[in-house]
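Presented below is the structure to which this report refers.
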Amino acid sequence: NAGVTQTPKFQVLKTGQSMTLQCAQDMNHEYMSWYRQDPGMGLRLIHYSVGAGITDQGEVPNGYNVSRSTTEDFPLRLLSAAPSQTSVYFCASMSGNNNEQFFGPGTRLTVL
Amino acid sequence: ILNVEQSPQSLHVQEGDSTNFTCSFPSSNFYALHWYRWETAKSPEALFVMTLNGDEKKKGRISATLNTKEGYSYLYIKGSQPEDSATYLCASPNSGGYQKVTFGTGTKLQVIP
């Protein structure tokens, strides 16, 4: 099993550009989440999904969209990138309630 | 938003010393408490998931306890080794659901050889 994979690993964008961060898991996990990690802030939840076709907002959803058309994939879209979205983004999946989360390797995004 | 706090922010210990750090969380509407180990340039990896008051879990030299009534968990490392150097995160799902997890800011541990 590859576990949770994310692409790209690094990305530089200009303000106003859009892009999609890809996340996939091959463990058949129901739950998937996107977090951003900023210095001194810890991991903050952006959006999450409890299954295909179902998504909901986390703590910091503004400026991001998600979709969950399949169990495996959970892409995160930046609609119009802003410097405040410079961060490291982690995708995670979980098999059910009260189970551990498995994290992807992260995507380091810089918005100029 | 659930308030999950960790202390201390950072910690330096000598190799062989034992150490512990704290995670506090609201005791109402408790679902679970997760501990993760996060090495530099890697992804967080789960250590423990704890759900019951009085739970005590152990993995090698690392153990954790849980007090849901007073809203805290301790992580203990016995005989610290340089490879224990990492940031230790705790996290708790909030009343929004099991998958809506709030993380603390972590305790960064450095073990000096």
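The figures that follow rest on heavy atoms only: side chains count, while hydrogens, waters and symmetry mates do not. The chains referred to below are lettered A, B, ... by the order of the sequence lines, with proteins before strands, and numbering in each begins at 1.
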Is there a continuous path of hydrophobic side-chain contacts, each under 4.5 Å between heavy atoms, that joins [X] to [Y]?
| X | Y | answer |
| --- | --- | --- |
| V88(A) | L45(A) | yes |
| L33(B) | Y72(B) | no |
| Y35(A) | L89(B) | yes |
| V50(A) | F74(A) | no |
| M32(A) | L21(A) | yes |

Bottom line for Y36(B): the part with an atom under 4.5 Å from chain A's heavy atoms is side chain

Cut-off 4.5 Å, heavy atoms of chain A, and the answer for L47(B) is neither

Smallest heavy-atom separation, Q37(A) atom then W38(B) atom, equals CG-CH2, 3.4 Å

Scanning both residues in full, the closest heavy-atom pair of E100(A) with V49(B) reads N-CG2, 3.7 Å

From the list G104(B), P44(B), G106(B), the residue making the most non-hydrogen contacts under 4.5 Å with chain A is P44(B)

The side chain to side chain contact (heavy atoms under 4.5 Å, CB included) partners of P82(B) (sequence neighbours excluded) come to E15(B), V111(B), P113(B)

Residues 101-112 of chain A vs chain B, non-hydrogen distance cutoff under 4.5 Å, contacting residues -> Q101(A), F103(A), G104(A), P105(A)

When the 4.5 angstrom heavy-atom criterion is applied to L43(A) and chain B, the contacting part is both

If one checks every heavy atom of Q6(A) against chain B at 4.5 Å, the contacting part turns out to be neither

Using side chain to side chain contact (heavy atoms under 4.5 Å, CB included), reason through Y48(A) and V101(B) one step at a time and then give a plain yes or no. CA-CA 10 Å; Y48(A) 64 97; V101(B) 177; over 6 Å; no

- Please say whether more than 12 non-hydrogen atoms of neighbouring residues, nucleotides or ligands are located less than 6.0 Å from CD in Q9(B). no

Are more than 12 heavy atoms, taken from residues, nucleotides or ligands other than Q17(A), located less than 6.0 Å from that residue's CD atom? yes

